[in-house]
Novice: 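Structure provided below as structure tokens; questions to follow.
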Amino acid sequence: MAEIFDVVNDRDEVIGRQPRSEVHRLGLMHRAVHVLVFNSRGQIFLQKRSLKKDRQPGLWDSSASGHVECGEDYDFCAVRELREEIGLQLAAAPERLFKLAASAETDQEHVWVYRCQAEGPFVLDQHEIERGGWFAPGEVTRWMTEKPQEFATALLLIWKKLAG
């Protein structure tokens with residue numbers, strides 16, 4: 001069954017619905033979430049995207065991320081993606097940090113970025129994630145500076161905004 005996404009305009013207002021494949025093929029604006037999970041030591045959990053992913057396969061990305069499904073809101077999606085991708089169950093939406101406007105770097109997604117704290121261990125969805133790990137923020141910044149090609153473009157944008 002094809003995933004259906006809300007198509008939105010530059011003000012993030014729903015203007016239609018299309019299957020995922022068409023949204024990506026046509027470069028239509030749509031919605032997504034990225035959740036950054038930190039532990040009590042201040043480390044961030046990053047996931048390495050599965051090589052089976054249709055977008056940016058094999059790149060390091062946020063702790064959990066995904067498309068907002070048709071009729072869904074950002075907060076519900078953040079909770080769902082954490083559960084589906086890393087097995088983290090939250091009773092309420094994590095803390096909202098900021099929103100990114102749709103752009104080439106976000107793959108034409110309007111993105112709400114969230115933050116929460118958890119210690120793991122996590123149960124990773126093998127279809128979505130190759131592996132994951134905990135990293136000190138300074139290590140991530142250094143890694144991104146030296147090898148930006150190893151990261152999903154949205155995460156590079158998120159990390160820059162988070163640091164700035």
Side-chain angles (χ1 to χ4, degrees), residues 3 5 12 20 23-24 29-69 72-164:
E3 287 179 275
F5 296 159
D12 196 13
R20 173 193 177 115
V23 167
H24 284 159
M29 283 188 266
H30 54 296
R31 296 170 168 165
V33 299
H34 280 254
V35 186
L36 308 175
V37 180
F38 290 86
N39 63 22
S40 59
R41 294 176 306 286
Q43 298 170 309
I44 185 169
F45 183 83
L46 297 179
Q47 62 161 279
K48 189 164 196 243
R49 295 169 64 83
S50 166
L51 290 172
K52 298 173 189 147
K53 297 290 285 179
D54 65 335
R55 309 303 261 197
Q56 302 192 29
L59 299 181
W60 286 92
D61 205 350
S62 301
S63 311
S65 62
H67 293 103
V68 177
E69 295 177 356
E72 191 176 51
D73 69 25
Y74 285 103
D75 289 354
F76 185 89
C77 179
V79 171
R80 178 179 55 76
E81 289 294 343
L82 284 167
R83 183 182 67 249
E84 290 177 0
E85 291 194 355
I86 65 173
L88 178 59
Q89 303 271 357
L90 294 184
E95 173 193 2
R96 280 186 175 196
L97 294 179
F98 51 82
K99 188 176 183 184
L100 299 173
S103 67
E105 291 86 4
T106 66
D107 208 14
Q108 297 307 320
E109 297 166 350
H110 287 283
V111 178
W112 260 107
V113 179
Y114 295 81
R115 174 194 180 111
C116 68
Q117 185 173 324
E119 302 303 314
F122 301 123
V123 179
L124 307 182
D125 180 337
Q126 308 263 314
H127 300 290
E128 301 271 339
I129 303 170
E130 183 182 309
R131 69 179 187 271
W134 292 102
F135 302 93
E139 179 183 356
V140 174
T141 300
R142 207 167 23 260
W143 185 10
M144 286 180 171
T145 301
E146 293 170 5
K147 297 181 180 174
Q149 70 279 8
E150 294 185 5
F151 294 89
T153 54
L155 180 58
L156 292 170
L157 200 60
I158 290 165
W159 199 255
K160 185 177 179 182
K161 187 164 174 84
L162 196 63

Novice: Among residues at least two apart in sequence or on other chains, which ones pass side chain to side chain donor-acceptor pair (under 3.5 Å) with Arg115?
Specialist: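 Scan of Arg115 (side chain to side chain donor-acceptor pair (under 3.5 Å), adjacent residues dropped) gives none.
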Novice: Please identify each residue that fulfils salt bridge (charged side-chain N to carboxylate O under 4.0 Å, His left out) with Arg131, with sequence neighbours left out.
Specialist: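 With neighbours one apart ignored, the set is empty.
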Novice: Any non-hydrogen side-chain atom of Phe76 less than 4.5 Å from a side-chain atom of Glu69?
Specialist: no
Novice: Output the distance between atom CD (Gln56) and atom OG (Ser50), rounded to the nearest 0.5 Å.
Specialist: 13.5 Å
Novice: Do Leu156 and Glu105 touch side chain to side chain, with heavy atoms closer than 4.5 Å?
Specialist: no
Novice: Could you list all the side chain to side chain donor-acceptor pair (under 3.5 Å) pairs where at least one residue sits in residues 154-164, not counting sequence neighbours?
Specialist: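 For residues 154-164, and leaving out neighbouring residues, the side chain to side chain donor-acceptor pair (under 3.5 Å) pairs sorted by first residue read Thr141-Trp159.
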Novice: Could you tell me which residues satisfy salt bridge (charged side-chain N to carboxylate O under 4.0 Å, His left out) with Arg20, sequence neighbours excluded, listed by chain and number?
Specialist: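 With sequence neighbours excluded, Arg20 shows a salt bridge (charged side-chain N to carboxylate O under 4.0 Å, His left out) to Glu3, Asp54, given in chain and number order.
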Novice: Does the side chain of Trp60 come within less than 4.5 Å of Lys48's, by heavy atoms?
Specialist: yes
Novice: Rounded to the nearest 0.5 Å, how far does CD of Glu81 lie from CG of Asp125?
Specialist: 9.5 Å
Novice: Taking the side chain as C-beta and beyond, is there a heavy-atom pair between Leu162 and Pro137 under 4.5 Å?
Specialist: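 No, every pair of side-chain atoms sits at 4.5 Å or beyond.
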Novice: Knowing that exactly one of His24, Arg31, Arg55 qualifies, which makes a side-chain hydrogen bond (donor to acceptor under 3.5 Å, both in side chains) with His67?
Specialist: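 Testing each of His24, Arg31, Arg55 against His67, the sole residue satisfying side-chain hydrogen bond (donor to acceptor under 3.5 Å, both in side chains) is His24.
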Novice: Just wondering, do Val113 and Leu36 contact through their side chains at under 4.5 Å, heavy atoms?
Specialist: yes
Novice: Do Gln47 and Phe122 make a side-chain contact, defined as non-hydrogen atoms from C-beta onward lying under 4.5 Å apart?
Specialist: no
Novice: Could you check whether any side-chain heavy atom of Val35 comes within less than 4.5 Å of a side-chain heavy atom of Phe45, counting everything from C-beta outward?
Specialist: no
Novice: Strictly by modelled atom types, are Ser40 and Glu119 linked by a side-chain donor-acceptor pair under 3.5 Å?
Specialist: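 Per modelled atom types, Ser40 and Glu119 side chains form a pair under 3.5 Å.
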Novice: Can you list the residues that meet the salt bridge (charged side-chain N to carboxylate O under 4.0 Å, His left out) rule with Glu72, with sequence neighbours excluded?
Specialist: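 Only Arg80 meet the salt bridge (charged side-chain N to carboxylate O under 4.0 Å, His left out) criterion with Glu72.
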Novice: Once salt bridge (charged side-chain N to carboxylate O under 4.0 Å, His left out) is applied, do any residues pair with Glu95, and if so which ones, sequence neighbours excluded?
Specialist: none
Novice: Calculate, to the nearest 0.5 Å, the distance between atoms CD and OG belonging to Glu85 and Ser63 respectively.
Specialist: 10.0 Å
Novice: Just wondering, do Tyr74 and Asp12 contact through their side chains at under 4.5 Å, heavy atoms?
Specialist: yes
Novice: Going by the angle between their ring planes, with limits at 30° and 60°, are His30 and Phe5 parallel, tilted or perpendicular?
Specialist: parallel
